[in-house]
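This structure is a prediction, so every number in the text was calculated from the model and none was measured. Values below: all heavy atoms of this structure, side chains included; hydrogens, waters and symmetry mates excluded. Throughout, numbering of the chain's residues begins at 1 and tracks the sequence.
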Amino acid sequence: MKDLMTTAQANGAMRRCGAPGIVMFAAALALALPGVALAAKQPRQTAEAVAPREAGEPIMAIVSIKSQQVTFYDSEGWILRAPVSTGTTGRETPAGVFAVVEKDRDHHSTMYDDAWMPNMQRITWNGIALHGGPLPGYAASHGCIRMPFGFAESLFDKTNIGMRVIISPNDAAPVDFAHPSLFVPSKEAIAAAPARADKLSAEAEVAASAADDAKKAAVAAAKDAQSLPATLRKLEQQKARADAENAYADKLVANAKSDQAKAKADELKQKAATKAADAASQLDAAKAAAQPKRDAVAATKEAAKVAAAKKADAVKAATDAKLALGPVSVYISRTTQKLYVRRNTHKPAPDGGGEVFDTSIEVPVTIRNPDQPIGTHIFTAMAKNDTGLRWSVVSIDDGDNAKDALDRITIPQEVWDRIGPTAMPRSSIIISDEPLSAETNYRTEFVAVLSNHPQGGFITRKPTAPSVEMASDDGWGGGFGGNSFFFFGQRDPAPQPVNPRRRGQYQYYQSTQPMQRSFW
């Protein structure tokens, strides 16, 4: 990879708040030199910059909270850079791994009196986004990442839903990386993938049509047999009455004393017996006629069930084949000891906003020394090369180096066999100590938050009146109806094990289903 910045190696001590002696020295210096305090609030300003070459499609953006800048990368290196303003103290922009989930060129906040947030690119559904805004020269937002107005406008059409956004506490950049555990695609599998997707899609359509026909047949058979219970019940009641009349006639015959009474009882008995025989005959005939219909109901119902299962299998195979034509993302969590796979279907979410991501693969994974920190590393397939894919890595948290992190993980071979042969550029593998954030749902790529860094921007915000027309607050709707989403500060009804080295008020990933939008 060309023109890549090397990853900053920050001293561990600098990532903490600082020794008390240093804080006291800084305070004394500020009192002695009033201008120092003002200067300390004004970090160096990153100038907007454009790489001196033709840019490709942005693959990732890296926000440095420390340097208050954002850098966008294509397959060859950095392409755009600009200053930003991230969350202020108490409303900090959360550090972690995100992706663009929605774009709105002319977004207006409902939390802050319709405040304008132009060229908004959302990265969480509870209110963190990149957008144009005022830049005072230091962290000043309520969690969002403000970019220069013109920069945000020119950037808007260049990015796509699903583009990776990495928010790093310190300066970070992708560096070239190679490892045998990374995807090695097969040229033959990639070449055959489109035809395979078309074939399986056609088979899925046939299976769907057969399932529909089977369902219609089952419905028709059930409708044809719908009147059977009432008809049989009526005939059974008629037979019961005829049997009762016949039994009564038998008693009259037995009790007859005179010839006249006996003759009359015999006549009644004959009529009752004939009526009982007719009722029994009608009931037997109805039962005989009903049995084929009952058999048809059972048969068509079973056929519909089998056809529906074949349809589900065919649709799943066709979906996997179609998804294999695009990038794939893998997330491995040391805390949950699980591997997750996520791929963008590019289908609009049924409840509005964003696109639906496939989440059909979630399997256990083995991590050596699971009690030891592993760090957070984002491996990205930048482009094709002679051996398959050229990879980069970005590391944003303390722990193992990238190679050692991959060496500790035993990945299920069946998962790699399923997704590896057709892996495309922009595919990624993320390894982290963190569980998936509760922000991860069916409308997002992976969302993971570094829990040993401030997350004030995730605090549920109450509307406040902005002091100017361009809001200085980045408020977004924080309340979602229903129970499909669980946000920071809320209790997870079935929490997973807590990461022993982490501190933070956040919830773990749960699979979610579509819900009706009821927010801003």
Side-chain angles (χ1 to χ4, degrees), residues 186 189-190 192-229 290-331 336 338-351 355-365 411-423 436 440-444 482-484 494 509-516:
S186 163
I190 290 176
R196 181 172 181 270
D198 291 341
K199 176 177 178 292
L200 291 174
S201 292
E203 291 177 359
E205 289 180 5
V206 172
S209 178
D212 288 342
D213 290 342
K215 183 177 180 180
K216 289 177 182 177
V219 170
K223 185 176 182 180
D224 188 39
Q226 186 175 10
S227 62
L228 287 179
Q291 192 56 46
K293 294 183 178 181
R294 286 173 168 169
D295 292 342
V297 170
T300 55
K301 183 178 180 180
E302 181 61 25
K305 182 179 178 181
V306 171
K310 289 182 178 179
K311 173 187 174 182
D313 290 342
V315 169
K316 183 177 183 299
T319 299
D320 281 349
K322 185 176 181 180
L323 291 172
L325 302 177
V328 59
S329 294
V330 173
Y331 188 91
T336 65
K338 284 187 177 182
L339 178 152
Y340 311 83
V341 177
R342 193 156 284 239
R343 295 177 289 191
N344 193 353
T345 67
H346 299 292
K347 294 179 180 179
D351 47 0
E355 298 174 351
V356 174
F357 285 77
D358 176 77
T359 61
S360 58
I361 301 177
E362 177 181 325
V363 297
V365 68
I411 298 167
Q413 189 60 45
E414 61 271 19
V415 175
W416 250 221
D417 291 344
R418 180 174 173 182
I419 62 180
T422 56
L436 286 174
T440 305
N441 59 64
Y442 70 98
R443 293 187 300 159
T444 72
N483 60 359
S484 295
Y509 165 78
Q510 297 184 51
S511 296
T512 55
Q513 298 298 323
M515 57 171 282
Q516 185 64 36

Fill in the blank from the handout: In terms of heavy-atom contacts, Pro421 and Trp416 come closest through CD-O, 3.4 Å
Completion exercise
What one should report as the nearest heavy-atom pair of Ala221 and Thr300 is CB-OG1, 3.5 Å
Handout entry: Exam field: side chain Arg294 to backbone Ala225, donor-acceptor pair closer than 3.5 Å
Key = no
Fill in the blank from the handout: Heavy-atom nearest pair, Leu200 first then Ala317, reads CD1-O, 3.6 Å
Practice task
Identify the two heavy atoms, one from Val356 and one from Ala349, that lie closest to each other, and give their separation to 0.1 Å.
Solution key: CG2-CA, 3.6 Å
Practice task
Keeping the roles fixed (side chain from Ser209, backbone from Glu205), state whether a donor-acceptor pair exists under 3.5 Å.
Solution key: no
Problem - Salt-bridge present (Glu414, Arg418; N to O < 4.0 Å) - result: no
Exercise for the section: Please report the shortest heavy-atom distance between Ala211 and Lys311, naming the atom on each side. Expected result: CB-CD, 3.8 Å
Problem - Spacing of OH belonging to Tyr331 relative to OG1 belonging to Thr440, to within rounding of 0.5 Å - result: 8.0 Å
Problem - Non-hydrogen atoms of Ala321 and Arg196 that approach each other most closely - result: CB-NH1, 3.6 Å
Handout entry: Verdict with supporting geometry, Arg342 and Thr444, side-chain contact (heavy atoms from CB on, under 4.5 Å)
Key = CA-CA 9 Å; Arg342 193 156 284 239; Thr444 72; 3.9 Å; yes
Fill in the blank from the handout: Given the options Asp320, Leu323, Val341, Ile419 meets side chain to side chain contact (heavy atoms under 4.5 Å, CB included) only with Val341
